[in-house]
Q: 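A single structure is presented below for examination.
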Protein chains: 2
Amino acid sequence: MDGLQSSPRRAQINQVAEQLFSRKGYHATTMREIARALAIEGGSLYSHIASKQVLLFELVLACAEEFRRTAQAVIAEGGSARDQLRRFMRQHVAVIAASIDRAAVYFHEWRHLDTGQQAVIRQQRDEYDEFLRAILRSGIASGEFAAMDEKLVSLQILSQLNWSYQWYRPEGPLNSEDLAEAFFEIVMRGLEPR
Amino acid sequence: MDGLQSSPRRAQINQVAEQLFSRKGYHATTMREIARALAIEGGSLYSHIASKQVLLFELVLACAEEFRRTAQAVIAEGGSARDQLRRFMRQHVAVIAASIDRAAVYFHEWRHLDTGQQAVIRQQRDEYDEFLRAILRSGIASGEFAAMDEKLVSLQILSQLNWSYQWYRPEGPLNSEDLAEAFFEIVMRGLEPR
DNA sequence: CGAACATCCTAACGGGCGTTAGTTAGCAAG
DNA sequence: CTTGCTAACTAACGCCCGTTAGGATGTTCG
């Protein structure tokens with residue numbers, strides 16, 4: 001929740017909004033509900049936020065930046081393509097696991113942003129995707145991964161990582177590192193040259 | 001769209017609702033919008049449907065039944081576990097590809113159903129998941145697949161299949177059979193015993 | 001102490017929604 | 001021609017929403 005925590009009350013608003021947006025959807029969540037969860041009145045929220053829409057945008061943006069930050073760190077740290085892929089997947093699952101609600105808002109509620117805001121998010125997503133593709137390409141070039149359609153494989157990997165917010169629960173029996181590792185194993189077996 | 005097409009107008013309503021629910025979300029779609037897309041008035045929709053909620057429920061249910069029907073056919077047809085898995089994945093992608101909008105509503109908008117309706121859908125989903133798990137188990141038993149946590153692997157497979165509605169476009173360069181085949185190849189390589 | 005500021009309350013604005021009930025118009029059948 | 005039915009229109013109900021502007025309250029600082 002970096003960069004969003006300008007005050008304790010603002011942090012609370014973000015937290016509650018994230019939960020409610022995730023569970024009920026952006027449009028089905030009212031400002032009065034968010035306020036009620038904080039034991040204040042709906043009109044009071046506007047002391048802290050510009051609008052409902054801006055609130056959503058900032059939540060989505062914060063998550064996008066978290067994904068980017070972690071991917072950048074993976075790339076910056078270098079290592080073999082296999083290692084980078086493992087770390088990339090680990091980080092990805094970790095971001096989701098840190099807050100399932102945030103992930104849900106990021107993956108789905110962003111669609112309710114206006115056109116300009118959506119374009120910003122789309123660009124961030126594309127940049128993030130490009131990190132993975134770069135890893136796959138370098139693995140192919142180094143011979144660590146079999147030749148493949150790296151665009152499609154990156155979509156496949158991201159698909160399984162992204163959808164996990166729908167069923168994975170960090171408080172369950174499986175910790176996020178083991179989950180990522182399990183995913184990585186199968187993916188890696190599929191990618192290894194033969 | 002089986003079982004839902006009681007009249008031409010009803011079919012149109014379903015089609016438009018599906019599109020709008022998919023693109024804007026259930027709550028952000030108004031009955032007046034659905035009506036407007038059909039060049040009638042909002043109040044007129046109630047000659048054909050009981051309520052907005054029931055409309056959503058029936059759309060989601062129709063898709064759930066389509067998934068189930070195709071999975072049942074795969075199992076009924078038998079064959080090796082490998083073949084069944086391939087066909088299962090093919091059918092899954094085919095159902096999504098048949099209507100991305102329907103898939104989006106099924107995978108996400110179902111959350112806006114009431115508690116009782118959700119329970120119905122959840123049960124259908126669980127039954128569907130069980131089809132895949134049964135295939136994986138039989139593959140393990142027959143030695144076609146390596147031993148594994150079949151629950152987790154089924155979630156992994158379903159994750160990549162399910163998320164595809166977010167990026168796959170049937171009118172694009174890749175047809176749904178080739179997509180399913182590409183997914184199957186990597187999955188299978190990961191599942192094969194070593 | 002008084003002023004400034006932050007935060008909250010509150011009433012209300014302007015607008016909108018899902019749905020209902022009564023009416024109307026067109027069509028088909030007797 | 002008359003009657004019955006279907007499907008649409010329409011006005012309105014009952015309720016709700018995001019947001020604003022003015023006021024009230026508590027805290028901090030000079």
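Below, chains carry the letters A, B, ... as their sequence lines are ordered, and counting in each starts from 1. On a predicted model such as this, the values are computed, not experimentally measured, just so you know.
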Q: Applying the side-chain contact (heavy atoms from CB on, under 4.5 Å) criterion to His92(A), which one of Val74(A), Leu161(A), Leu132(A) satisfies it?
A: Leu161(A)
Q: For residues Trp163(A) and Phe107(B), establish whether the separation of their ring centroids is below 6.0 Å.
A: yes
Q: Once rounded to the nearest 0.5 Å, what's the spacing between atom CE of Met89(B) and atom CZ of Phe183(B)?
A: 7.0 Å
Q: Can Val93(B) be reached from Trp167(B) by stepping across I, L, V, M, F, W or Y side chains whose heavy atoms are under 4.5 Å apart?
A: yes
Q: What is the distance from atom OH of Tyr168(B) to atom CG of Asn175(B), rounded to the nearest 0.5 Å?
A: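 These two atoms lie 6.0 Å from each other.
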Q: Starting from C1' on dT19(C), measure out to CG on Leu56(B) and report it in whole angstrom.
A: 17 Å
Q: Not counting sequence neighbours, which residues clear salt bridge (Lys or Arg N to Asp or Glu O under 4.0 Å) with Lys151(A)? List them please.
A: none
Q: Check DNA chain D against residues 25-38 of chain B and give the residues with a non-hydrogen atom under 4.0 Å, in numerical order.
A: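 Residues of residues 25-38 of chain B under 4.0 Å from DNA chain D: Arg32(B).
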Q: Less than 4.0 Å between a side-chain N and a carboxylate O, is that true for Glu33(A) and Lys24(A)?
A: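 Yes, this pair counts.
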Q: Determine: side-chain N/O of Ser44(A) to OP1/OP2 of dC9(C), distance under 4.0 Å, yes or no.
A: yes
Q: Please state whether the phosphate of dA8(D), meaning OP1 or OP2, lies under 4.0 angstrom from any side-chain nitrogen or oxygen of Arg9(B).
A: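 Yes, such a contact exists.
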Q: Starting at atom CD of Gln12(B), determine the distance to atom P of dA7(D), rounded to an integer number of angstrom.
A: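 So the two atoms are 12 Å apart, to the nearest Å.
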Q: Can you check the Glu41(B) CD to dA11(D) P distance for me, whole Å?
A: 10 Å
Q: Any salt bridge between Arg189(A) and Glu192(B), counting N to O under 4.0 Å?
A: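 Salt bridge between Arg189(A) and Glu192(B), a charged N being under 4.0 Å from a carboxylate O: no.
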Q: Tell me, which of residues 45-53 of chain B have any heavy atom that sits under 4.0 Å from an atom in DNA chain D?
A: Ser47(B), His48(B)
